[in-house]
Amino acid sequence: MAYWLMKSEPDTYSIDDLQRDRVEPWDGIRNYQARNMMRDDMRVGDSAFFYHSSCAEPGIVGIMTIDSKPYPDPTQFDRHSKYHDPKSSPENPRWQLVNVRFERKLDRIIPLRELKAHPELQDMVLNRRGNRLSIMPVSDIHWKLILGLE
DNA sequence: GCCAACGTTGGC
DNA sequence: GCCAACGTTGGC
């Protein structure tokens, strides 16, 4: 089983929204690297950290489970969605997504500040300079270590 | 709001 | 295929 970290702006969709909805399509990803991970590498049952970005306290706030195989992101075909992609078509969809299922909220936010400062997390993808990926893999070692910080 | 660090686009 | 211009992400 693999581990992941997935970013969302809480103003757009937060861990509390997922707790309410239980299962939700992770839509709006328009970056090929992130798409490829959902399309090629994620498996039903994988675990992922829910990460709040672009907010007062960026950091890991919860845990979720990958709940579906990849399928075309419906928002790409929706003319009224801000994720609409005119270059995509149902016959030849460009963007894929997976559903995620709420697992639990962490007892506390583990802030980015703390992840950055941790000596054993220096080589984490999140900490690589200039990283902007909204979905990234997390190693087994880092996953356990981060859970230990909770 | 600023800006670094990308990724994407499009002219050539 | 190159690369400059432009757009986006996301911390601060």
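Only heavy atoms go into these numbers, but all of them, side chains included; no hydrogens, no water, no symmetry mates. Naming: A, B, ... by sequence-line order, numbering from 1 per chain.
- Distance CH2 (Trp95(A)) to C1' (dG7(B)): 10 Å, rounded to an integer number of Å.
- Using a 4.0 Å cut-off, some side-chain N or O of Lys7(A) falls inside it from OP1 or OP2 of dG10(C).
- With respect to Arg35(A) and Asp73(A), no salt bridge is recorded, no charged nitrogen being found less than 4.0 Å from a carboxylate O.
- Note: NZ (Lys82(A)) to C1' (dT9(C)) measures 12 Å, nearest angstrom.
- If you take CZ of Arg132(A) and P of dG11(C), they are 12 Å apart, rounded to a whole angstrom.
- Note: the hydrophobic cluster containing Leu147(A) also contains Val125(A) (ILVMFWY, side chain heavy atoms under 4.5 Å, direct or indirect links).
- Computed from coordinates, the Arg128(A) CZ to dG7(B) P distance equals 13 Å when rounded to whole Å.
- Here the C1' atom of nucleotide dG10(C) and the OH atom of Tyr51(A) are 8 Å apart, to the nearest Å.
- The list of side chain to side chain donor-acceptor pair (under 3.5 Å) pairs with a residue in residues 110-121 of chain A, not counting sequence neighbours, reads Glu57(A)-Arg113(A), Arg108(A)-Glu114(A).
- Across every non-hydrogen atom of Cys55(A) and Pro10(A), the tightest pair is CB-CG, 3.6 Å.
- Neither OP1 nor OP2 of dG10(C) sits under 4.0 Å from any side-chain N or O of Lys116(A).
- The interatomic distance linking Leu133(A) (CG) with dA5(B) (P) rounds to 16 Å, in whole Å.
- Exactly one residue among Phe77(A), Tyr32(A), Tyr71(A), Tyr83(A) makes a ring pair (Phe, Tyr, Trp, His ring centres under 6.0 Å) with Trp95(A). That residue is Tyr32(A).
- Taking a 4.0 Å limit (strictly below) on heavy-atom distances, residues 24-41 of chain A reaches DNA chain B at Tyr32(A), Gln33(A).
- Aromatic ring centres of Phe50(A) and Trp26(A): separated by under 6.0 Å.
- Regarding Asp85(A), its CG atom lies at a distance of 15 Å from the C1' atom of dG7(C), rounded to whole Å.
- Between the CE atom of Met136(A) and the P atom of dG7(B) there is a distance of 13 Å, given to the nearest Å.
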